[in-house]
Amino acid sequence: MRKIGALLGVSLVSLIIALPASAADNDPKKAAIKARQGEMSIRAFNAGPLFAMAKGDMPYDSALAEKLANNLKVMLSLDNGRAWMKGTSNEEYAEDTKALPKIWEADSKIGDAGKKYKEAVTALADEAGKGLDALKGKAKDLGDACKGCHDDYRKKDKK
Ligand code: HEC
């Protein structure tokens, strides 16, 4: 009996320790925040070399440029709207997200920013592999689309 009690004691302690962590992992809103940040990271992973080529920080490589721009285009067909569910702004989750509450306000223009982004990616995917000059203009439009949305809807880093 003593042994069982000791075992139970141990398992209770581990349950108490385990609970807060698993409660956080099971929060669908935190999962949504992680998912959209993951999508943004993949955007940046693909867009980064395109920006670097356009700026001359990296030699132009037409096959790579075409592939990366096409990756961004393929990602447009992902309907990841659930990752932007209500109640997931930095007002509710200050530690986890930089998404500003105005994204979800009635007069939010984030849809327009998303549309600009789609147009920029589509145009870039058509041109990226066709030479450095073709890439340059479209990469600038893409950068403007990323930055435009971040300026309006993402909390600034404190520096
Ligand atoms: C329509 C709006 C919009 C567009 C367009 C957009 N972003 Fe974002 N991005 C956001 C918002 C909002 C966040 C903050 C998300 C959060 O913290 O939950 C973000 C976050 C990020 C992050 C940080 C992710 C993390 O791990 O916290 C990166 C990197 C990023 N974006 C890159 C890009 C790049 C590169 C592009 C263009 C190729 C782009 N974004 C286009 C709105 C946008």
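Start at 1 and go down the list; that is how both ligands and their atoms are numbered. Worth saying up front: this structure is predicted, and the values here are computed from it rather than measured.
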Per-pair distances, ligand 1 N/O vs protein N/O, less than 3.5 Å:
{"residue": "ligand 1", "atom": "7 (N)", "partner": "H150", "partner atom": "NE2", "Å": "2.8"}
{"residue": "ligand 1", "atom": "9 (N)", "partner": "H150", "partner atom": "NE2", "Å": "2.9"}
{"residue": "ligand 1", "atom": "17 (O)", "partner": "Q37", "partner atom": "NE2", "Å": "2.9"}
{"residue": "ligand 1", "atom": "17 (O)", "partner": "T97", "partner atom": "OG1", "Å": "3.1"}
{"residue": "ligand 1", "atom": "17 (O)", "partner": "K98", "partner atom": "N", "Å": "2.9"}
{"residue": "ligand 1", "atom": "18 (O)", "partner": "R36", "partner atom": "NE", "Å": "2.8"}
{"residue": "ligand 1", "atom": "18 (O)", "partner": "R36", "partner atom": "NH2", "Å": "3.2"}
{"residue": "ligand 1", "atom": "18 (O)", "partner": "Q37", "partner atom": "NE2", "Å": "3.4"}
{"residue": "ligand 1", "atom": "18 (O)", "partner": "T97", "partner atom": "OG1", "Å": "2.6"}
{"residue": "ligand 1", "atom": "31 (N)", "partner": "H150", "partner atom": "NE2", "Å": "2.9"}
{"residue": "ligand 1", "atom": "40 (N)", "partner": "H150", "partner atom": "NE2", "Å": "2.8"}

- Query: Are S108 and E105 linked by a side-chain donor-acceptor pair shorter than 3.5 Å?
  - Reply: no

Checking K29 against Y93: charged group under 6.0 Å from the ring centre and within 45 degrees of the axis? no

Members sharing L135's hydrophobic cluster, built from side-chain contacts under 4.5 Å between Ile, Leu, Val, Met, Phe, Trp and Tyr, are L50, F51, M53, M58, Y60, L64, L68, L72, L76, Y117, V121, L124, L132, L142

Test side-chain contact (heavy atoms from CB on, under 4.5 Å) on R36 and T97 and set out the steps.
-> CA-CA 10 Å; R36 71 192 180 212; T97 178; 2.9 Å; yes

Check your understanding: Given D96 and Q37, is the side-chain contact (heavy atoms from CB on, under 4.5 Å) satisfied, shown in steps?
Key -> CA-CA 10 Å; D96 302 287; Q37 290 172 341; 5.8 Å; no

To the nearest 0.5 Å, atom CZ of R154 lies from atom SG of C149 at 9.0 Å

